[in-house]
Amino acid sequence: LRARALAEFSPPAHMSEVNGKFILFARNLEKGHADFEAFCGRWSLNEDAVEKLRSLPLPLQMRVMAEFHPPPQMTEVNGKFIMFCVSLEKSSRPSTSGHLLAPAKFFARAPIVESAVAFGEQDSIDESVLAA
């Protein structure tokens, strides 16, 4: 954490007193590290999955940790987690037109379910399908 704080801390050039700003920055890194460790433990991520998460820029790491919700019956999530990271990484890159790509819907429902929900016909679909 110490090396990361020193490497990433970048106060505005006009700021003459940076001690307080650095302390706040370091505290946020420390909290983020604790959140990172708790997330990895919650999902029992293996070394490859942890490294994939660690390789992402901090804002993308936070997004991945907030949005990753595999189906409850899934017991081994490492492969899905790595693919989820890759999908968000790709969706956060600017497209060739300069616009951000649409966010990935990794655990999306089937198009037929989405259509039924959009037209208010979800009552005709089995409840277990809608919960997926």
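This one's a predicted model, so the numbers in the text were calculated from it and none came from an experiment. Positions are given from 1, in the same order as the sequence printed here.
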Checklist entry - Heavy atoms, side chains only, cut-off 4.5 Å: are L88 and F68 in contact? => result no
Checklist entry - What distance separates E51 CD from N46 CG, expressed to the nearest 0.5 Å? => result 10.5 Å
Item to check | Sub-4.5 Å side-chain heavy-atom contact between S91 and R63 | outcome: yes
Next on the checklist: Apply side-chain contact (heavy atoms from CB on, under 4.5 Å) to residues V50 and F36 and explain how you reach the verdict.
Outcome noted: CA-CA 9 Å; V50 171; F36 183 95; 4.0 Å; yes
Checklist entry - Does the pair E89/K52 count as a salt bridge with the N-to-O cut at 4.0 Å? => result yes
Checklist entry - Should the ring pair F81 and F39 be called parallel, tilted or perpendicular, given that the plane angle runs from 0 to 90° and is split at 30 and 60? => result tilted
Item to check | Sidechain-backbone polar pair: E47 side chain, A49 backbone, donor-acceptor under 3.5 Å | outcome: no
Next on the checklist: When you compare the side chain of P70 with that of W43, does any pair of heavy atoms fall below 4.5 Å?
Outcome noted: yes
Checklist entry - So do the side chains of D48 and N78 get within less than 4.5 Å of each other, counting heavy atoms only? => result no
Next on the checklist: Suppose we screen for side-chain hydrogen bond (donor to acceptor under 3.5 Å, both in side chains). Which residues come up paired with Q73, at least two apart in sequence or across chains?
Outcome noted: none
Checklist entry - What pairs with Q61 under side-chain hydrogen bond (donor to acceptor under 3.5 Å, both in side chains), at least two apart in sequence or on another chain? => result none
Item to check | Hphob cluster co-occupancy, I82 + L45, side-chain heavy atoms under 4.5 angstrom | outcome: no
Checklist entry - Heavy-atom distance under 4.5 Å between the side chains of L53 and M65, does that happen here? => result yes
